[in-house]
Structures are given as structure tokens and as C-alpha cells.
Amino acid sequence: MTVLQAESAVRSDRRGDVRVDLHGGATGAVNGGAAGAGRAAVRGGVRVGVRPGVRIPVVVHAADPISRAGAASQLRQCAAVELTDEPPAGPGAVAVLLAETVDATVTAALRRLVRGGDTRVVLVVERMREAELLEAVECGVAAILWRREATAARLGQAVLAAARGDGDLPADLLGRLIVQMGRLQRSVQGLPGFTPPGISEREADILRLVAEGWDTSEIAAKLSYSERTVKNVLHGLTTRLQLRNRAHAVAYALREGYI
């Protein structure tokens, strides 16, 4: 069986789960018999992770030998997985960590596993509070499963998603994560000196005129600003968004639909 066939097999057992990019926001949709499409990690324009005909090296970590043996038994049913006793290395390698909850010991283990950036982690957990969910995401966990839902097919699906660079979360955890991120966003917006992302209306007005070939003095006269204000607005914009010059700023605004 090829990796693509294995992916097809594990997808048949999805039960209302959502696949998300844990580091770029939710990208999946709740299943209604069809899977949500997670955003793939891309390096140099090439999708990384699972390659046809290449098995995924997976190591299982658990506090007790019975849990470890059970997870290993489930994973052996996935033809795309190659179990190993040594920590896997290289892009696409996956570590499966079983835990009751995300305490200080588990958090430290997660950070050790993701150190270096190549190994993707699948966390199989019994229970998790909202603060622990956010902490697991911040540690770089690629996928999270409830232990009660960790069937062979569901565990294989999570490993495949992690190896591809996708994320995988149960729908209830995704909802909790969205709520958490919303709270964080609102708290950050309330901090002094916070600058919202994107381009303001004033910046967009100035960039539209730059795009039409107007110089600084003409823009200032058109918008009733001083030339210093126009220069400061453009400097602040290019610095905040790490743009090289005015032309780069115009190109960015056009590409993102601001002007």
C-alpha cells in the first residue's frame, strides 16, 4: 500500500474533526462526511512531509509500557508508518506523546521533542483545560487527539497530517482554541501603543496616490497633509510591514487588496 492509499484509508474514519494550521490559524472545516482541508507547510514552494512510497518514522512516548504498547499496536495498522525506538530525525518525522493531561512534565517533554524544528508532535491526551491547550500549541504540537477517540485509523490520520505539516484537532478543541485566541487578541488590542495589522485608511489613501505617480508634495496638497506627515506615514508603513521602499509598499497593498 502506498502512502496515498494509506491516507485514503485513514480518512474514512474521521468523525467531525477539524484540521487546522496551528501556527497560522484555523484552516479546516467541520466534517460532514468530508474532511476539512488543512494548510500544508511549504518550503521553497514545495510541499514538505509525506512523499509517495516513503514511510513516516514514528516514535511513541508514554509514561507506562502498556500505553506505549497500545499506541504502537494501533500505529502498526497504518502502512505508511515505520515505528522506531530512537527519536526520529529529519523533515516529516513524527513523535506521538501519550499523557493524562498537559502538566509541567508533559510541557517540558513537548518542548524537547520539537527542539530543532524537524520533528512534528502528535499529543494524545485524556483531558485538557483551555490554558493547557494554548500552551500545547505554543510548544509546537502539530496534532491533538482525545485518548478515547484514538482508534488506529484516527491515530494514523493524525500522524499523516503532522508529517505533511498540517494540523489536526478535534472540533471541540478547535472551538476552545478560537475562543482563547479571540481573548488574547482583544487583550493585546487594549495595550498602549498597539498597532493593528494591515494598512490604515490614511495609509491606503497615500499609497493610491503613490501608485498613480504623485510625488510627496502633490500628495500632501491633495490630502491637506504636510509633506513631513506624508513621509512619516510612508516610513511608518514600510518599517512596520518590513517593506523595502514605496514601490514595494504599493505592490504589497495591491496584492493584499488594500488599494
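- Scanning for side chain to side chain contact (heavy atoms under 4.5 Å, CB included) contacts around His235 gives Thr239, with sequence neighbours left out.
- Under the side-chain hydrogen bond (donor to acceptor under 3.5 Å, both in side chains) criterion, Glu203 pairs with Ser200, Arg240, not counting sequence neighbours.
- Side-chain contact between Leu123 and Val102 is present, with at least one heavy-atom pair separated by less than 4.5 Å.
- Defined by atom type and a distance below 3.5 Å, a donor-acceptor pair is present between the side-chain atoms of Asp215 and Ser217.
- Annotation: side chain of Ile199 is in contact with side chain of Tyr252 (closest heavy-atom distance under 4.5 Å).
- For Arg111, there are no salt bridge (charged side-chain N to carboxylate O under 4.0 Å, His left out) partners, not counting sequence neighbours.
- Val141 places none of its side-chain heavy atoms less than 4.5 Å from the side chain of Leu97.
- For Asp205 and Arg208, the salt-bridge test passes: some basic side-chain N is under 4.0 Å from an acidic carboxylate O.
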For residues 70-83, which side-chain donor-acceptor pairs fall under 3.5 Å, sequence neighbours excluded?
residue: Gln74; atom: OE1; partner: Gln77; partner atom: NE2; Å: 3.4
residue: Gln74; atom: NE2; partner: Ala150; partner atom: O; Å: 3.2

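- Side-chain contact between Ile206 and Leu237 is absent, with no heavy-atom pair separated by less than 4.5 Å.
- Ionic pairing of Asp85 and Arg68 is present here: one or more N-O contacts between side-chain nitrogen and carboxylate oxygen are shorter than 4.0 angstrom.
- Listed for the Arg127 side chain is no donor-acceptor partner under 3.5 Å among the backbone atoms of Thr101.
- Closest non-hydrogen pair, Ala204 versus Tyr258, comes out as CB-O, 4.0 Å.
- Remark: Glu212 pairs with Leu209, Trp214 by the side chain to side chain contact (heavy atoms under 4.5 Å, CB included) rule, at least two apart or across chains.
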After noting the C-alpha distance and the side-chain angles of Glu100 and Arg147, does the key distance pass the side chain to side chain contact (heavy atoms under 4.5 Å, CB included) rule? CA-CA 9 Å; Glu100 290 293 323; Arg147 290 186 69 150; 3.5 Å; yes
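- Side-chain contact check for Lys231 versus Thr216: some heavy-atom pair is nearer than 4.5 Å.
- Side-chain contact between His61 and Leu113: present, with at least one pair of heavy atoms (C-beta onward) separated by less than 4.5 Å.
- To the nearest 0.5 Å, atoms CG (Asp168) and CD (Gln157) are separated by 4.5 Å.
- Legend: residues meeting side chain to side chain contact (heavy atoms under 4.5 Å, CB included) with Asn232, ordered by chain and number and at least two apart, are Arg228.
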